[in-house]
Q: 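I'd like to ask some things about the structure below.
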Amino acid sequence: MDGTLIFSALWVMLPAYIPNNAAVVAGGGLPVDGGRTLNGNRLLGDGKTWRGILLGTLAGVCVAGTLNISAPFVQMIGFNPIRFSLRAAFGLAFGAMCGDLFASFLKRRMGKQRGAPLPGMDQLDFVCGALCVTTILAPEWTFQVFSVALIGVVIIVTPLLHVMTNIVAFVTSLKDEPY
Ligand code: CTP
Ligand code: MG
């Protein structure tokens with residue numbers, strides 16, 4: 001795999017990677033579904049909170065801003081980093097949170113309790129959400145940045161990174177499960 005492509009994939013997806021981790025650290029409080037149920041199961045569950053969405057999205061946007069600021073320095077060492085428009089930054093961060101919400105919605109419909117794993121979905125829900133919302137909010141930016149090759153690298157690299165960060169979060173007691 002091309003090293004530059006891996007670097008670009010990590011760079012462009014960082015504002016979508018951070019929100020879920022920020023939500024683990026800073027989330028909690030009032031659940032988005034307000035305790036409502038559908039066919040006896042929670043709509044989303046206690047693991048999806050307003051504070052998690054808000055602070056997670058904010059963290060992702062801040063990361064995109066930080067990457068924009070550091071782009072000229074990265075350029076000096078030979079890379080040509082992607083810049084984020086505000087719409088793109090918001091789309092990636094909020095979209096990642098939406099993907100995570102959608103996955104929880106599906107998990108509850110399958111009767112899975114909060115925290116139960118759903119392999120594949122757990123690792124890629126936020127990628128799908130980020131791509132969908134960014135395509136809606138910043139279509140030009142999305143089509144310019146996300147080549148087929150870049151999306152391919154993102155789909156391969158993200159699950160590996162996700163598994164690694166979750167193991168770290170589990171070992172440091174930030175998460176109750178290592179997935
Ligand atoms: N979190 C939050 N708000 C969100 C997303 C996450 O507050 N929108 C916090 C919750 O404390 C949650 C933790 O981050 O328990 C871990 O997130 P995640 O693994 O996505 O949730 P789970 O608790 O595993 O619930 P689910 O089964 O619905 O994924
Ligand atoms: Mg979970």
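Order of appearance sets the numbers: ligands from 1, and atoms from 1 within every ligand.
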Q: Answer yes or no for Gly115: is there a heavy-atom contact with ligand 1 below 4.0 Å?
A: yes

Q: Could you identify the single nearest non-hydrogen protein atom to atom 21 (O) of ligand 1 and state the distance to 0.1 Å?
A: Lys48 NZ, 3.3 Å

Q: Which of the atoms in ligand 1, numbered in the order shown and given with their element, are less than 4.0 Å from a heavy-atom of Ser104?
A: 26 (P), 28 (O), 29 (O)

Q: Give the atoms of ligand 1, by number and element, whose distance to some non-hydrogen atom of Gly52 is under 4.0 Å.
A: 2 (C), 3 (N), 7 (O)

Q: Any donor-acceptor pair under 3.5 Å linking the side chain of Arg51 with the backbone of Ala23?
A: no

Q: Counting only heavy atoms closer than 4.0 Å, does ligand 1 sit against the backbone of Asn20, its side chain, both, or neither?
A: neither

Q: First locate atom CG of Leu92, then atom CZ of Phe126, and finally report the distance between them rounded to the nearest 0.5 Å.
A: 12.0 Å

Q: Would you say Ile155 and Leu161 are hydrophobically clustered, going by side-chain heavy atoms of ILVMFWY under 4.5 Å?
A: yes

Q: Just to check, does Arg51 reach to within less than 4.0 Å of ligand 1 when the distance is taken from its heavy atoms?
A: no

Q: Parallel under 30°, tilted from 30 to 60°, perpendicular over 60°: which one fits the rings of Phe146 and Trp141?
A: perpendicular

Q: Could you report the tightest heavy-atom contact between Ala130 and Ala16, atom names first, then the distance?
A: CB-CB, 3.8 Å

Q: Please identify which atoms of ligand 1 are closer than 4.0 Å to at least one heavy atom of Gly28.
A: 7 (O)

Q: Quick one: look up the protein heavy atom nearest atom 16 (C) of ligand 1 and list residue, atom name and how far away it is.
A: Val24 CG2, 3.7 Å

Q: For atom 11 (O) of ligand 1, what's the nearest protein heavy-atom neighbour? Residue, atom name and distance, please.
A: Arg114 NH2, 3.7 Å

Q: Going by the order shown, which atoms of ligand 1 are within less than 4.0 Å of some heavy atom of Lys107?
A: 26 (P), 27 (O), 29 (O)

Q: Got the closest protein heavy atom to atom 9 (C) of ligand 1, with its distance?
A: Ala23 O, 3.3 Å

Q: Using only atom types and a distance under 3.5 Å, with no angle test, would you say the side chain of Thr49 pairs donor to acceptor with the backbone of Gly29?
A: no

Q: Identify whether the distance between the nearest side-chain nitrogen and carboxylate oxygen of Asp122 and Lys107 falls below 4.0 Å.
A: yes

Q: Which of these passes side-chain contact (heavy atoms from CB on, under 4.5 Å) with Val171: Val168, Leu174, Ile167?
A: Ile167

Q: Do the side chains of Ile6 and Val12 join up, straight or via other hydrophobic residues, at under 4.5 Å, putting them in one cluster?
A: yes

Q: Using a 4.0 Å heavy-atom cut-off, which part of Arg108 comes near ligand 1: side chain, backbone, both, or neither?
A: side chain

Q: Check each of Thr49, Leu55, Asp176, Thr57 against atom 3 (N) of ligand 1 and report the one with the nearest heavy atom.
A: Thr49

Q: I need the atoms of ligand 1 closer than 4.0 Å to a non-hydrogen atom of Asp100, numbered in the order shown.
A: 5 (C), 20 (O)

Q: I need the atoms of ligand 1 closer than 4.0 Å to a non-hydrogen atom of Gly27, numbered in the order shown.
A: 7 (O)

Q: Give a yes or no on whether the backbone of Gln113 and the side-chain of Arg108 come within a donor-acceptor separation of less than 3.5 Å.
A: yes

Q: Taking only heavy atoms of Ile53, which atoms of ligand 1 are found under 4.0 Å from at least one of them?
A: 8 (N)

Q: Answer yes when Asp100 and Lys48 have at least one side-chain N-carboxylate O distance shorter than 4.0 Å, and no when they do not.
A: yes

Q: Take every heavy atom of Lys175, measure it against each atom of ligand 1, and state whether any distance is under 4.0 Å.
A: yes

